[in-house]
Amino acid sequence: MTTSHANRKPDLSVTVAGIEFKNPVIAASGTFGYGIEFEDVVHLDKIGGFVVKGLSKEPMAGNPPPRLYETAAGMLNAIGLQNIGAQAFLDEKLPKLREIKNIVVLANVFGYTREDYERTIQILNEGEGIAAYELNVSCPNTAQGGIQFGSDPRLLDEVVATARHSTQRPLIVKLSPNVTSIAQMAYVAQEAGADAISLVNTFVAMAIDAETRRPRIANVTAGLSGPAIKPIALRMVYDAAKAVKIPVIGMGGIASAVDIIEFMLAGASAIQIGTASYWDPCATEKIVEELQEWCVDHKIEKLASVTGGLLTD
Ligand SMILES: Cc1cc2nc3c(=O)[nH]c(=O)nc-3n(C[C@H](O)[C@H](O)[C@H](O)COP(=O)(O)O)c2cc1C
């Protein structure tokens, strides 16, 4: 008996930076621990992949509380990049992840100087089972008066070039949305050697308690994420995708299969899900199932064909 067109399972696979993902749904850094903590909640082999918490060369304690605050349709966080450090990740987390078959682990890397990024990548290069690095450039450069690496084209160029020279592994540069021209930053990252870009990181924002006259977050300012940022993130993915030839990984407020399709139409080859996992820890896996159904309902045989398909006339 021949399989009818309608019964065929849609092909959700995508290839980004030479890495094959079984579907485009990747859990975003800082919202999925080191992956292993989600093992009992999500079938890790059902999602496209996950990005671990940002890693630095030394362990970091992060900011004092309160560090999280829920806003209308979003969330503020100022965790302060708390993490166990690159070496402890290799020793304590990666061996457990290696025991799980058929998963894609991406390591998010940050630092406060170019040398920090270089050193962290050198440590991680020794670990087996990391598919790629995602460079978080939304950090202040302490050697350059605290300007964010990702907010200055020259600093961005330098840090991406440094990372490029430090590894053979695929390099994804995660852009900061706190810039005037995201297209320019996307292009700079590409020219400095990125294999792909991901965007957006959180928007600098704040919330105030009118009763106490105090900030809601101890750090005063914090990063805004969740559905509140989705339309801006979508516009930035669209602008960035037009400016580069390398693949784009889109994120910012994605909480459903339809959101994913919108980001892919804007030019994303894959997407990440962050804040939605705070509201429902199973969100990533559920959205993969929803995506499968959406493709069947809309007769999409190969999901990758949706990328860049926005109609504007
Ligand atoms: C609590 C929290 C921690 C985060 N930590 C990191 C991090 O360590 N490194 C990083 O590159 N992005 C970090 N992010 C940003 C997310 O990965 C993502 O870019 C952003 O939240 C937008 O996606 P979303 O709206 O789906 O959450 C963090 C976000 C949240 C909410």
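We count ligands from 1, going down the list as the structure has it; atoms in each ligand are counted the same way. This chain uses plain numbering: 1 for the first residue, then up along the sequence.
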Taking the side chain as every heavy atom from C-beta outward, state whether [X] and [Y] have any atom pair closer than 4.5 Å.
X: Glu262; Y: Leu234; value: yes
X: Ile79; Y: Leu68; value: yes
X: Tyr187; Y: Gln190; value: yes
X: Val288; Y: Lys46; value: no
X: Asn201; Y: Asn178; value: no

Any nitrogen or oxygen of [X], side chain or backbone, less than 3.5 Å from one on ligand 1?
X: Glu134; result: no
X: Thr31; result: no
X: Gly54; result: yes
X: Gly226; result: yes

Do the two ring centres, one from Tyr117 and one from Phe149, sit under 6.0 Å apart? yes
Run the salt-bridge test on [X] and [Y] with the 4.0 Å N-O cut-off and return the result as yes or no.
X: Glu39; Y: Lys96; result: no
X: Arg164; Y: Asp157; result: no
X: Arg214; Y: Asp209; result: no
X: Arg216; Y: Glu70; result: no

Under 4.0 Å from any heavy atom of [X], which atoms of ligand 1 are there?
X: Met75; result: 31 (C)
X: Thr275; result: 24 (P), 25 (O), 26 (O), 27 (O)
X: Leu81; result: 7 (C), 8 (O)
X: Thr202; result: 20 (C), 21 (O)
X: Gly252; result: 23 (O), 25 (O)
X: Gly253; result: 24 (P), 25 (O), 26 (O)
X: Asn201; result: 10 (C), 11 (O), 12 (N), 15 (C), 19 (O)

Where's the contact between Lys230 and ligand 1, heavy-atom distance under 4.0 Å: side chain, backbone, both or neither? neither
Give the residue and atom name of whichever protein heavy atom lies nearest to [atom], and the separation in Å to one decimal.
atom: atom 29 (C) of ligand 1; result: Asn77 ND2, 3.7 Å
atom: atom 10 (C) of ligand 1; result: Lys174 NZ, 3.4 Å
atom: atom 3 (C) of ligand 1; result: Gly30 O, 3.4 Å
atom: atom 21 (O) of ligand 1; result: Ser225 CB, 3.3 Å

Closest approach of Ser29 and Gly54, non-hydrogen atoms and distance?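 Residues Ser29 and Gly54, closest heavy atoms: OG-N, 3.4 Å.
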Considering only heavy atoms, which of Ser29, Gly274, Ala233 lies nearest to atom 16 (C) of ligand 1? Ser29
Contact between Tyr278 and ligand 1, counting heavy atoms under 4.0 Å?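 Under 4.0 Å: yes for Tyr278.
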Has Val200 got any heavy atom lying under 4.0 angstrom from an atom of ligand 1? yes
Test side-chain hydrogen bond (donor to acceptor under 3.5 Å, both in side chains) on Glu134 and Ser198 and set out the steps. CA-CA 8 Å; Glu134 181 182 60; Ser198 58; 2.7 Å; yes
